[in-house]
Amino acid sequence: LSQHRSVCRLCGGFCGIVVDIEDGRLVRVAGDADHPDSEGYTCAKGRALPTFLGSPSRLDFPLLHGSRVSWAEVLDDLATSIRDIVERQGPNAIGTYGGTAEIADRAGQWARVKLGGMLGTRQMYSSNTVDIAPIWKASELVMGVARTTCPVWEPERPESPRVCVVIGSNPVVSHGYGGLVPGTNPIVRVRRFRNQGGQLWVLDPRTTETALVADRHLPVLPGSDAVVLAWLVRELLLHGADLEELRDHTDADDVGRLEDAVAPFTIDVAVEHAGVDRETLLELLLAIRSAGKIACITGTGVSFGRRATVTEWLRWALLIVTGSLDRPGGMRFLGSYTSDLASRASWNHAGPDGDDADGPASRPELRSWLGEYPSVAMVDEIKAGSLSGLIIAGGNPLTSMPQPARTRQALSELPMLAVCDVVRNELTGLATHVLPVADMFEHDELMLRERASFIPAVVPRSGERMPQWWVLSQIAQRLGLDLLRGNDPDEMTDAAVLRLIAGDNPAVDTVMAAGVHGLVRERACGWVHERVLPNGRWRIAPRPLVDLLAEMTAPPVPGIRLVSRRLARRVNSVAYSSPRGDGTDADVMINPVDAAEFGLRSGDDVVVASAHGSVTGRARVDDRMRCGSVSVSHGLVDANVSSLIAAATDVDVLSGQPAMSGVAVTVTRFQKMSTPGREDIALAVRPERS
Ligand code: SF4
């Protein structure tokens, strides 16, 4: 038995871990008490990695149309398929999709994107446009740059704000989604924050795990976040704004346009939309005014909304109006360790209406941005015959995309579907080419985030698994493309490829020498004002967002609204640990008052139906849900919010992200009628309320 320090990279928590290796196999994962960020913390997913990675479903050998073959056979066949498709239809008939699991494989992700670029295809997709795109779109419209850097909440830092408002985010369960940095060890860090006098406010229709450790929880109705934020901005512009920040770092015309845009959002409107009493909202406003500078973070509860980019923009507006961004006492902007953003001389700014290009022909209303098409268009492109070959790595569109049955049908009809993954799943079952790749403990990793570290492999690759960069560069080689700049894939190591990607940046050597615990580059506030903002000014009222906000003044439509929830044992579309032993992951959570009205009790079988689809599940009557909302999990195979939305219409138009929250639904109790040899039939026993 040997022990090694490593870092869990299943999610953005990046917890330091100690792994036990026996006979070349991972047998135990425990927290690394000496890791400066995580201090010994791990979650159930990280601790279950030996079971997940050592499961009988583990992919060890390449498969071609379901049969085991050699690497040479599968790669030759795949290269031939790609060449044939390109010759017939052009490079845009080949696409790639990268999922969240690529977070654990920097070189593999680089190789996928590079291969797509060398092929010359525009059909590049990723999970960026399935869960985080509105955050980056708002950043692009307000700051002129997307993705490079976003403000973070660092609860323990003495100079951090004393009030944090969390909207539609559950960092206790969904680590490192963005906002709370580092994302690890959330409960202890929230407690420290509160012990140091910090106040945590949570706005969420559900009493989430984060709400349980907060000072105040406002159970706002699904889809009302933008209205509450618009009201807060309105009130703060009237009294409590940081006038110096507005004078020196915004345009007066922009501020006037913002004032006009939020003017209709009075407290009466906020109360009506949020379903929260006036006094509670006023207490939130008072807390913000008293604090002066605040932190405000959002999550998928916001970014899954139909007007998610509007909500994200209003969060930026709230932070700018209170002078909370890039100022001592507010939220800092970080960057990667090696790219010294704070001293970069010039930035390419997007235009005032954003930086996008023509989107996919089958969905002309969607735009291409971040060098990608929105993932929601992928199925349309397949159905239109424009996309015939797809390489998927580290994700599962079957469980993350709208309308799973439609997605399944489209993917199964592809002439070529190559999947790089570590375990068998429903997606690999559809694949023409299954490419078993090294897991996170079988390859070296170079992490260049705010904490930069070099994490060596701790076990040899077993079976015939190969690194994803090797697989994709072998395909490139067969197509006559030079992915590794003249280097033979068989002669390269993980570390050599990681150095190749990093270029000649001398900081990489420093990071590689620093090892697993790595290094952090300190960044003072002020660099975004000085170097990043277009002319030193926030674009506080982008016209496309102002126009969309104007459409949101209509009274809310009564009825039950859907919220999706994240599960502690999954990362988006992939389960990394067994479901909860009590079988509650797929439960449909509903408030006791709504349950009584529908005649429901815990344990009843229910159908949750929207205008576009339905899921069945077991009701869990739970007063942690607020009245008027029902919660269904995200990412499960069966009871999945993806079944309740339509790819064509439930989309945040600016970012192209599917909207999986705030959708109108009905809940109906049913009885299963079982006939031997036939599928169960659901018989409704009570009509739905709305
Ligand atoms: S929070 Fe869990 S899954 Fe995420 S990095 Fe830490 S141990 Fe891994």
Side-chain angles (χ1 to χ4, degrees), residues 3-20 26-55 99-106 109 127 131-132 152-155 169-191 208-210 213 297 299-300 394-396 422-423 439-443 445-455 458-459 516-518 520 565-580 585 634-635:
Q3 286 199 323
H4 306 262
R5 286 190 202 282
S6 188
V7 171
C8 177
R9 286 152 274 153
L10 275 191
C11 81
F14 301 126
C15 302
I17 51 178
V18 177
V19 297
D20 290 0
L26 180 74
V27 293
R28 181 170 169 268
V29 169
D32 175 0
D34 297 327
H35 192 280
D37 292 337
S38 53
E39 305 171 274
Y41 174 83
T42 53
C43 77
K45 297 183 287 283
R47 293 190 297 277
L49 276 169
T51 312
F52 176 76
L53 296 175
S55 80
T100 310
E102 277 193 342
I103 198 173
D105 188 359
R106 176 180 167 80
Q109 182 184 44
S127 52
D131 74 353
I132 204 166
V152 296
W153 178 43
E154 304 159 286
S169 180
N170 190 7
V172 167
V173 164
S174 181
H175 308 77
Y177 171 79
L180 173 64
V181 168
T184 179
N185 204 6
I187 294 182
V188 166
R189 300 177 61 227
V190 165
R191 284 204 186 112
T208 59
E209 292 78 354
T210 304
V213 296
I297 62 174
T300 45
N396 184 355
V422 298
V423 293
D439 67 47
M440 73 169 85
F441 297 113
E442 294 175 331
H443 65 79
E445 186 60 286
L446 182 65
M447 293 184 45
L448 299 176
R449 295 167 181 262
E450 48 280 0
R451 177 171 296 283
S453 54
F454 178 68
I455 307 151
V458 292
V459 288
V516 170
H517 286 181
V520 171
R565 71 176 183 276
R566 296 227 174 195
L567 299 171
R569 289 155 199 256
R570 300 183 70 87
V571 179
N572 294 341
S573 59
V574 183
Y576 286 101
S577 174
S578 326
R580 285 170 62 94
D585 280 355
H634 164 64

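Residue indices begin at 1 and follow the sequence shown. In each ligand, atom 1 is the first atom listed, and ligand 1 is the first ligand listed.
Ligand 1 places these atoms under 4.0 Å from at least one heavy atom of C11: 1 (S), 3 (S), 4 (Fe), 5 (S). Heavy-atom proximity to L10, at under 4.0 Å, picks out these atoms of ligand 1: 3 (S).
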Subject >> M440 and L10: CA distance, side-chain angles, deciding distance, side chain to side chain contact (heavy atoms under 4.5 Å, CB included) verdict >> reply: CA-CA 9 Å; M440 73 169 85; L10 275 191; 3.7 Å; yes
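Between atom 2 (Fe) of ligand 1 and the options G46, C43, C15, the minimum heavy-atom separation is to C43.
Looking at E450 and E154, their side chains never come closer than 4.5 Å, going by heavy atoms from C-beta outward. Counting heavy atoms from C-beta on, the side chains of F14 and I455 never come closer than 4.5 Å.
Using modelled atom types, one side-chain atom of R189 and one backbone atom of T184 make a donor-acceptor pair closer than 3.5 Å.
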